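Remarks on the structure that follows.
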Amino acid sequence: MDSIPYTERRNAITMNIDTDTPEGIVDLIHECNMEVFNGYENHTGLSDDTILNKLDQFVSLVRINLQTENSIIVLSGCGTSGRIGFLAATFFNELCLQQNLPPKYRYIIAGGNSALVTSIEACEDDPVIGTKELQCITDTYEHVLFVGITCGLSAPFVGGQLEYCLNNPQKFTPVLIGFNPVSMARRTHVSKWINDTTFYDISLRMETTAGALVINPIIGPEPISGSSRMKGGSATKVILDTVFYLASCNNMMKASEVIEMYRTAVGTMEIEGQDMATVVEQAGECLLNNASIRYVGSSTFGIWGMIDASECVPTYNSSYNDIRGFMANDYFRKNLNPEPPLSFVSPALHEATPDDLSKTFEDLPPSSIVVFIDKDYLLQKPLVEKLQEKGHHIVWIKILSTELFDPNSNVKIIDLSKCIPSTDVTMQYSSAEIILKLCLNTISTGAHVMKGKVFQNIMIDVRVSNVKLFYRAIDIIKSLAGVDYQTAERCLIQSIYQTNDIINDKTIDQHIMAVASNHDHVVPIALLMSLSNCSYTEAKLKMDKCPIIRDICTGTNQSST
């Protein structure tokens, strides 16, 4: 167990979340979220004195950059990490403009803009592309503060960028954010990294290089094993917002004071647990009955909805249409990096700003849920009334709003406005974003738990779309089936290629490419092969008769033939 990175371990708090009630699911996720601030086991999380000192150093680096001409701050990451970086760059560039400063923040996400709302995780394994994108975005600047974000200290895309920064110290000051000790950084070799370099090698260089900064608080395992979109994403946001807020304001606050404000705000969410549980129960029933969940919002609130929805596809191998987010304006598009005309564009980006949401939602299955996350809810009232006429459930996550409702409106309200601290506007908005993120994560995670996509606290239908997830899938099969590594790997590979034949002549990169044409329950079928000691064909037949993935692990469908 000691050799397993904290970000990949199973959290003891949620070990039986799959059999709990909606109220229990919400409480367990909240308890895990609080570990970010309160600590995990003998670790103190974001409140660790060493980490707080590093955050204050980070603040100083940002302040220098904000005051220096021809310099920028680049935030880079893959998946959730890249999305958090995009939102931080968007929000704090607006603050720069308010303070009569040029926009200083830039973002890079593996896979480009489409990866903001679509899973393009294979790019995570390419350090060469990462380096080229960093060179391109920083070419005309004299100094760059580079912030590489990878929750597990594992992404070669970011590792290649950090290596480039370390090799060019006259221009770059590198910062690494993650949530494992450097000793647990990934040591797996990837084919495109020359000299057999690993992320561990780069992390060690970062830790021992003067001027470089490693910020890696131990916040504990995720509520759902390996789902770094949750605690890892939340901790990343708190770190970035704390540092950029302090660097932008003129008071003498320390990082510890801001972290405490966030801790208090997140802790207060517990009082809305019952209302969130009601929505989680509705959302779970929605997915079980093949209905849909939709988020609608504007500004960064709407973007959080799009991001939460998009992350369910790779995390739970869910359908693209199960949960989707929509923007009520074109705020998202206005803040995207320019890209070449022939770049891949996700359908979600095309449809993110529909002119008439009521037309977009005309084909929603009966009894779907539409969650509004706007500050100004009443602007959406005509749409709400049309949706209610069709029998859909309406939820409003109330944040930064004083609007009141007719008690007979039949709108379910999750009132999180009372959780927002009474500080300045910047801190209020930033707190509202983290609270919204946690609320949406709870709803979508709880819904998939209720649908049976989770066994104990393991997401057993994970999509094997990069090297990290390939090895995670093997670990899932080993753990749940009680087989050795070779058996787990053999079953996984046969499931990827949908064959009963033994395949020994292909690389991991080829396996991952093959997954792109086979998204049909690759890991659950491999797990069933291991549990039942059967062929791919036999396991696929059993899988087709099993409506709930969790039943594979409990043995509910083992008698099926």
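All figures in this text were calculated on a predicted structure; none of them were measured in a lab.
- A donor and an acceptor atom, one from each side chain of Asp308 and Ser444, are located under 3.5 Å apart.
- In this structure, the side chains of Arg263 and Val238 stay at 4.5 Å or more apart for every pair of heavy atoms.
- Under the 3.5 Å distance criterion, with hydrogens and angles disregarded, no donor-acceptor pair is assigned to the side chains of Asn195 and Thr197.
- Legend: ring pair (Phe, Tyr, Trp, His ring centres under 6.0 Å) pairs involving residues 421-448, not counting sequence neighbours, sorted by first then second residue: Phe91-Tyr429, Phe301-Tyr429, Tyr316-His448.
- Counting heavy atoms from C-beta on, the side chains of Arg205 and Leu162 never come closer than 4.5 Å.
- For the ring pair (Phe, Tyr, Trp, His ring centres under 6.0 Å) condition, no pair includes a residue of residues 203-241, sequence neighbours left out.
- Note: Met15 CE to Asp20 CG = 14.0 Å, rounded to the nearest 0.5 Å.
- Lys437 and Ser234 share a donor-acceptor pair across their side chains, judged by distance under 3.5 Å alone.
- Judged by distance alone, the side chain of Ser203 and the main-chain N or O of Ala185 form no donor-acceptor pair under 3.5 Å.
- With hydrogens and angles left out, the side-chain atoms of Asn11 and Thr14 include no donor and acceptor closer than 3.5 Å.
- Of the possible donor and acceptor atoms, none in the side chain of Tyr107 sits under 3.5 Å from a partner among the backbone N and O of Ile84.
- Counting only distance, with no hydrogens or angles, the side chain of Asn180 and the backbone of Tyr6 share a donor-acceptor pair below 3.5 Å.
- No donor-acceptor pair under 3.5 Å is formed between the side chain of Asn168 and the backbone N or O of Lys171.
- The backbone N or O of Asp201 sits less than 3.5 Å from a side-chain atom of Thr198, completing a donor-acceptor pair.
- Judged purely by atom type and a 3.5 angstrom limit, Lys231 uses its side chain to pair as donor or acceptor with the backbone of Ile219.
- Side-chain polar atoms of Glu222 and Ser227 form no donor-acceptor pair below 3.5 angstrom.
- In this structure, Arg83 forms no cation-pi arrangement with Phe86, as its terminal cationic atom is not both closer than 6.0 Å to the ring centre and no more than 45° off the ring axis.
- Scanning both residues, Ile137 and Ile72, for their nearest heavy atoms gives O-CD1, 3.8 Å.
- Considering CG of Leu28 and CD1 of Ile224, their distance stands at 9.5 Å, rounded to 0.5 Å.
- Checked against side-chain contact (heavy atoms from CB on, under 4.5 Å), Glu270 has the following partners two or more places apart in sequence or in another chain: His30.
- Of the N and O atoms on the side chains of Ser225 and Glu8, not one donor lies less than 3.5 Å from an acceptor on the other residue.
- Leu416 and Cys439 make their closest contact through CD1-CB, 3.8 Å (heavy atoms, listed as atom of the first residue, atom of the second, distance).
- Between Arg324 and Tyr295, the closest side-chain pair of non-hydrogen atoms is not below 4.5 Å.
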Would you mind writing out the side-chain donor-acceptor pairs for residues 128-135 within the sub-3.5 Å range, not counting sequence neighbours?
from	atom 1	to	atom 2	distance (Å)
Thr131	OG1	Pro127	O	2.9
Thr131	OG1	Gly160	O	3.1

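- Phe172 and Tyr164 have their aromatic ring centers within a separation under 6.0 angstrom.
- A donor-acceptor contact shorter than 3.5 Å links the side chain of Thr118 to the backbone of Ser114.
- In this model, a donor atom of one side chain and an acceptor atom of the other lie less than 3.5 Å apart for Arg229 and Thr445.
- Every residue meeting the side-chain contact (heavy atoms from CB on, under 4.5 Å) condition with Ser71, not counting sequence neighbours, appears here in chain and number order: Asn65, Thr68, Lys104, His143.
- Closest heavy-atom contact between Ile25 and Gly446: CG2-CA, 3.9 Å.
- Phe199 has its side chain out of reach of Ser154: every pair of non-hydrogen atoms, C-beta onward, lies at least 4.5 Å apart.
- The side-chain contact (heavy atoms from CB on, under 4.5 Å) test with Ile239 is passed by exactly one of Ile259, Val147, Ile215: Ile215.
- A donor-acceptor pair is defined here as one N or O able to donate and one able to accept, closer than 3.5 Å; such a pair exists between the side chain of Asn93 and the backbone of Ala89.
- The side-chain heavy atoms of Ile218 and Phe179, taken from C-beta on, include no pair separated by under 4.5 Å.
- A salt bridge links Lys468 with Glu124; the closest basic N to acidic carboxylate O contact falls under 4.0 Å.
- Arg333 and Asn113 share no side-chain donor-acceptor pair at under 3.5 Å.
- Paired with Ile73 under the rule side-chain contact (heavy atoms from CB on, under 4.5 Å), one option of Leu61, Thr173, Val62 passes, and it is Val62.
- A salt bridge does not link Asp125 with Lys192: none of the charged nitrogens is closer than 4.0 Å to a carboxylate oxygen.
- Of all heavy-atom pairs between Gly233 and Cys151, the closest is N-SG, 4.4 Å.
- Looking only at distances, no side-chain donor or acceptor of Asn33 sits under 3.5 Å from a matching main-chain atom of Val266.
- Using a cut-off of 4.0 Å between Lys/Arg side-chain N and Asp/Glu carboxylate O, Lys254 and Glu257 are scored as not salt-bridged.
- A donor-acceptor distance shorter than 3.5 angstrom exists from the side chain of Ser318 to the backbone of Cys312, with no hydrogens or angles considered.
- Side-chain contact between Ser256 and Leu52 is present, with heavy atoms from C-beta onward closer than 4.5 Å.
- For the pair Leu145 and Phe58, the minimum side-chain heavy-atom distance is below 4.5 Å.
- Applying the ring pair (Phe, Tyr, Trp, His ring centres under 6.0 Å) test to residues at least two apart or on different chains, the pairs with a partner in residues 205-249 are Phe92-Phe244, Tyr105-Phe244.
- No side-chain heavy atom of Thr315 sits under 4.5 Å from any side-chain heavy atom of Val462.
- Heavy-atom minimum distance, Ser401 versus Trp396: OG-CH2, 3.5 Å.
- A side-chain donor from one of Arg106 and Tyr141 sits under 3.5 Å from a side-chain acceptor of the other.
- In this structure, Arg187 forms a cation-pi arrangement with Tyr200, its terminal cationic atom sitting closer than 6.0 Å to the ring centre and no more than 45° off the ring axis.
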Let me see the working for Arg463 and Leu469 under side-chain contact (heavy atoms from CB on, under 4.5 Å), right down to the final yes or no.
-> CA-CA 7 Å; Arg463 183 171 296 178; Leu469 295 177; 5.7 Å; no
